[in-house]
Amino acid sequence: MEASLARATMLKPFIRKLKRALLLSASRGGGVSEIRFDEEMEAAKMVPGDVKKGHFAVTATKGEEPKRFIVELYHLTDPAFLSLLEQAEEEYGLQQEGVLAVPCRPEEIQKILENRRMRRASTEW
């Protein structure tokens, strides 16, 4: 429990940055007056157009070819996914821009996403 809490605390700056980028991206369509133009332009550079509100892009960099995934934010609470983020922090640091690069094979991310979907579906009954 303490290890998970420590990991979550370490990832807070990344999660804040990700949430801010997603909020700025969502505001582009709404025309929120408080947000300055340069912040909107910065968010446009950080969040690809195919990434919907409540999602973020991740690229698995190991293996034959890198593969890109669009991931829902709720995966940020999954211990297996948090472990991948820790690996990314160790290898690339927290200053990544754009798509989050994770040093794993695409199959690893796919397995985590499928396991989470199955667990989520089983609790909806």
Side-chain angles (χ1 to χ4, degrees):
M1 180 75 171
E2 288 182 32
S4 295
L5 189 57
R7 280 185 264 174
T9 302
M10 288 173 39
L11 292 171
K12 278 184 181 182
F14 167 75
I15 293 170
R16 269 191 237 114
K17 182 178 178 180
L18 184 61
K19 285 180 180 179
R20 181 172 181 241
L22 291 169
L23 288 171
L24 289 173
S25 173
S27 72
R28 281 186 276 163
V32 176
S33 61
E34 298 97 352
I35 297 176
R36 296 188 326 240
F37 178 75
D38 58 338
E39 288 177 319
E40 288 185 4
M41 294 307 293
E42 186 64 27
K45 285 189 250 177
M46 292 172 40
V47 181
D50 63 336
V51 179
K52 297 183 239 173
K53 184 177 179 180
H55 294 73
F56 61 101
V58 175
T59 299
T61 60
K62 303 275 179 171
E64 292 179 22
E65 251 185 74
K67 184 172 179 183
R68 186 170 175 263
F69 296 86
I70 305 298
V71 180
E72 290 184 66
L73 286 176
Y74 71 81
H75 286 285
L76 292 173
T77 61
D78 185 331
F81 196 81
L82 288 172
S83 176
L84 291 179
L85 291 180
E86 286 176 355
Q87 291 174 26
E89 178 187 12
E90 289 172 14
E91 190 155 330
Y92 307 119
L94 289 175
Q95 300 303 318
Q96 295 186 50
E97 291 187 24
V99 176
L100 176 64
V102 179
C104 71
R105 299 176 54 81
E107 297 82 20
E108 292 177 64
I109 292 179
Q110 190 67 43
K111 183 179 176 183
I112 290 170
L113 298 178
E114 287 173 4
N115 286 342
R116 180 73 183 232
R117 279 188 206 113
M118 287 190 302
R119 285 194 312 256
R120 193 174 182 196
S122 69
T123 60
E124 290 177 359
W125 288 96

Review item, side-chain donor-acceptor pairs of residues 74-82, under 3.5 Å, at least two apart:
from	atom 1	to	atom 2	distance (Å)
Tyr74	OH	Arg120	NH1	3.1
Thr77	OG1	Tyr74	O	2.8
Thr77	OG1	Arg116	NH1	3.4
Thr77	OG1	Arg116	NH2	3.1
Asp78	OD1	Ala80	N	2.9
Asp78	OD2	Arg119	NH2	3.1

Identify every side-chain donor-acceptor pair in residues 99-108 under 3.5 Å, counting partners at least two apart or on other chains, and give the distances.
from	atom 1	to	atom 2	distance (Å)
Arg105	NE	Glu107	OE1	3.3
Glu108	OE2	Arg105	N	3.1

Which heavy-atom pair separates Phe69 from Gln110 by the least distance, and what is that distance? CE2-OE1, 3.1 Å
Between Glu91 and Gln87, do the side chains contain an N or O donor and an N or O acceptor separated by less than 3.5 Å? no
Joint cluster assignment, Leu73 & Val58, ILVMFWY side-chain distance < 4.5 Å: yes
Which atom names give the shortest non-hydrogen contact between Val51 and Arg68, and what distance separates them? CG2-NH2, 3.8 Å
